[in-house]
There are 2 protein chains.
Amino acid sequence: MLDLNRIRLLREVSLHGSMSAAARSLSYSHSAISQQLSLLERETGVKLLERAGRNVQLTAAGRELVRNTETVLAAMEKAESDLAASHGRAQGAFTVAAFASISRAVLPAALVRIAQAHPDLEVRIQRYEPEDAIVRLASRQVDAIITDSFPGTSSGSANGLHTTILGQDPIRGYLPAGLEISDAQAAANIPWVMEPAETAAAQWALRMCRERGFEPRVLHVSSDVLFHLRMVERGLAAAFLPDMLIVETGSRLQPSHWLPADQRRTLLLIARKGSEDNLALTAVRLALEDELRHVDKL
Amino acid sequence: MLDLNRIRLLREVSLHGSMSAAARSLSYSHSAISQQLSLLERETGVKLLERAGRNVQLTAAGRELVRNTETVLAAMEKAESDLAASHGRAQGAFTVAAFASISRAVLPAALVRIAQAHPDLEVRIQRYEPEDAIVRLASRQVDAIITDSFPGTSSGSANGLHTTILGQDPIRGYLPAGLEISDAQAAANIPWVMEPAETAAAQWALRMCRERGFEPRVLHVSSDVLFHLRMVERGLAAAFLPDMLIVETGSRLQPSHWLPADQRRTLLLIARKGSEDNLALTAVRLALEDELRHVDKL
DNA sequence: CATTAACCGTAAGTTCTGCTTAACGATACG
DNA sequence: CGTATCGTTAAGCAGAACTTACGGTTAATG
């Protein structure tokens, strides 16, 4: 019988691209990985890795094995979830990766709700970049990811993952406080604040402007959406702001009637396949859905 | 993450009905099982076993976990098979449980054929009682079972198993050598030799006689079918004999025209789910199917 | 082109898991 | 009522797995 731990190590190497990276991710020494994997190769009699420059690369057999390992792990995950569900209350640690705005707006209230229902469950929140979060989800450093997706953007979810929709968050365009305009010509001169260009949010915002017929002058770039809000309030820039942020801050800003309306981002909860019915995950999901409904009302 | 080895132990206990039996089956001390399982309970925080008299019994949660373990093991089995298939030739040990007549008639020839195609594969043959074989299959002491099933008999295959049909083996009725009869009255006086009454073969044979309108006088009981043949040859008893046995011995016996004809048993190959495409299993299956076709011709 | 850094492999040593042996309490059976 | 069987627990041991340390190779950098 194959050793599950060894093939899990192989999978980590496949995920991280090198033995050393896998080792760091697992807080092992690289030597441990090397030894275990060479044992795995000896036991199976199949070459699973080959050197590629100073890294290693999976052979066809190795990739096939990793693919099958995914299935095994999903089954294990389900076994674990079902077992936890059997005594009704979730317990232990459960780590959620979330982006900034939801962290502030709804997570605290959701956590309170969860703590009441499941006193033995310890939910931890971590802030990670989206791609990083996906890798950490796969290697079990994170148990769920809260993220947003914008209409027209390929969400590109890898397989082995399970995604559910938490809710919708309307996004409205705001002009610098005190200003109102009427045509594209005028819009092209207004300064904008957006998130870094490589983010899905910024790409979506750019497309919105172009569809409206102008190219925004993006003078300010920040991943801190709260900064966007302040800039708008001070009359320094235009921005697209999600309702969640308005609700969170209690801001009195009024959206522009001229900029595109009825837009929304979708809030997603991503977990590993097999953990769909995990009690802790369900608790997190329910609490978030509830909290998001409150935001919607406003 | 659950420990796969621990939940496998739990499964063994579930299979064998007690810790001690599971320990014997795995050649462990019973203490090892007890310790590992109590660790498993402590880690998961769920009660998996409860004492029932001087044995233990699985709780609902325990049974659920075992059920999920089956899925995990099947996935592991598939991963292992695929890996072995990746280097083309089967290798290692592969244990087959078979009943007596097929062991003598076709297995030796099949083994020769397999050895030629897969020099590194070591196929072992073991003789076990049918129910025993099933348990050993589940606990991986045996990798495949060759058995026969009679029409109208519930094969009662447990789940987690995968069955394929190897071929058909005609069974004909033989009267004591030199004797021929014409009616049920006469038939009722003839001595019969059959297998032990609890076997599927004997139950089927009885049913055949009754459908033909007589109750056989079963004077002789033996699980050795070759003994049946000798009894018929000496004119001492009537019997149902499979063609496989006639071919094997080169016997000149002629079947009775009066006894039911066109009957056959089905030869089955049973393996664990997930090992369906195992290279060694496939080799065994192909070789057996081939050999059985030769028998059919005669 | 030399230097530095990162990666992988191997050797030696240490830690810790998992097993055995042994003793004990509980339950069924003759 | 003694005896055999089962499960639990404690103590000790062996092997597996990990760490540290060193060496070889590849890639990036000035």
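Proteins get letters first, then strands, A, B, ... in listed order; numbering begins at 1 in each.
- Regarding A/L40, its CG atom lies at a distance of 17 Å from the C1' atom of D/dC18, rounded to whole Å.
- Rounded to whole Å, atom P of C/dG18 lies 5 Å from atom CD of B/Q36.
- In terms of modelled atom types and a separation under 3.5 Å, the side chain of B/E276 and the main chain of B/G274 share a donor-acceptor contact.
- Contact annotation: B/S38 side-chain N/O to D/dT8 OP1/OP2 distance is not under 4.0 Å.
- With hydrogens and angles left out, the side chain of A/R54 and the base of D/dT25 share no donor-acceptor pair within 3.5 Å.
- Put simply, the side chain of B/Q35 and the base of C/dT17 share no donor and acceptor less than 3.5 Å apart.
- Rounded to a whole Å, the CD atom of B/E43 is 11 Å from the C1' atom of C/dT17.
- Rounded to a whole Å, the OH atom of A/Y28 is 17 Å from the P atom of D/dA16.
- Relative to the side chain of B/A32, the nucleotides C/dC8, C/dT20, D/dC6 differ in distance, and C/dT20 lies closest.
- Between the side chain of A/S34 and the base of C/dT10, no donor-acceptor pair under 3.5 Å is found.
- No side-chain donor from either of A/S81 and A/E77 sits under 3.5 Å from a side-chain acceptor of the other.
- At C/dG18, one or more side-chain N or O atoms of B/R6 fall inside 4.0 Å of OP1 or OP2 (strictly under the cut-off).
- In this structure, CD of B/E12 is placed 13 Å from P of C/dC19, rounded to the nearest angstrom.
- Among the protein residues, B/S29 comes within range of the nucleic acid bases, having at least one heavy atom under 4.0 Å from a base atom.
- To the nearest 0.5 Å, atom CG of residue A/L48 and atom CD of residue A/E41 are 5.0 Å apart.
- We find that CD of A/Q57 is positioned 16 Å from P of C/dC7, with the value rounded to whole Å.
- In this structure, the CD atom of B/E50 is 12 Å from the P atom of D/dT8, given to the nearest Å.
- Between the side chain of B/S275 and the main chain of B/A271, no donor-acceptor pair closer than 3.5 Å is present.
- Distance from the side chain of B/H30 is smallest to D/dT8 among D/dC6, D/dT8, C/dG9.
- With hydrogens and angles left out, the side chain of A/S31 and the base of C/dT10 share a donor-acceptor pair within 3.5 Å.
- A/T147 places no side-chain N or O within donor-acceptor distance of the main-chain N or O of A/L268, the cut-off being under 3.5 Å.
- Atoms CZ (A/R24) and C1' (D/dT19) sit 17 Å apart, rounded to a whole Å.
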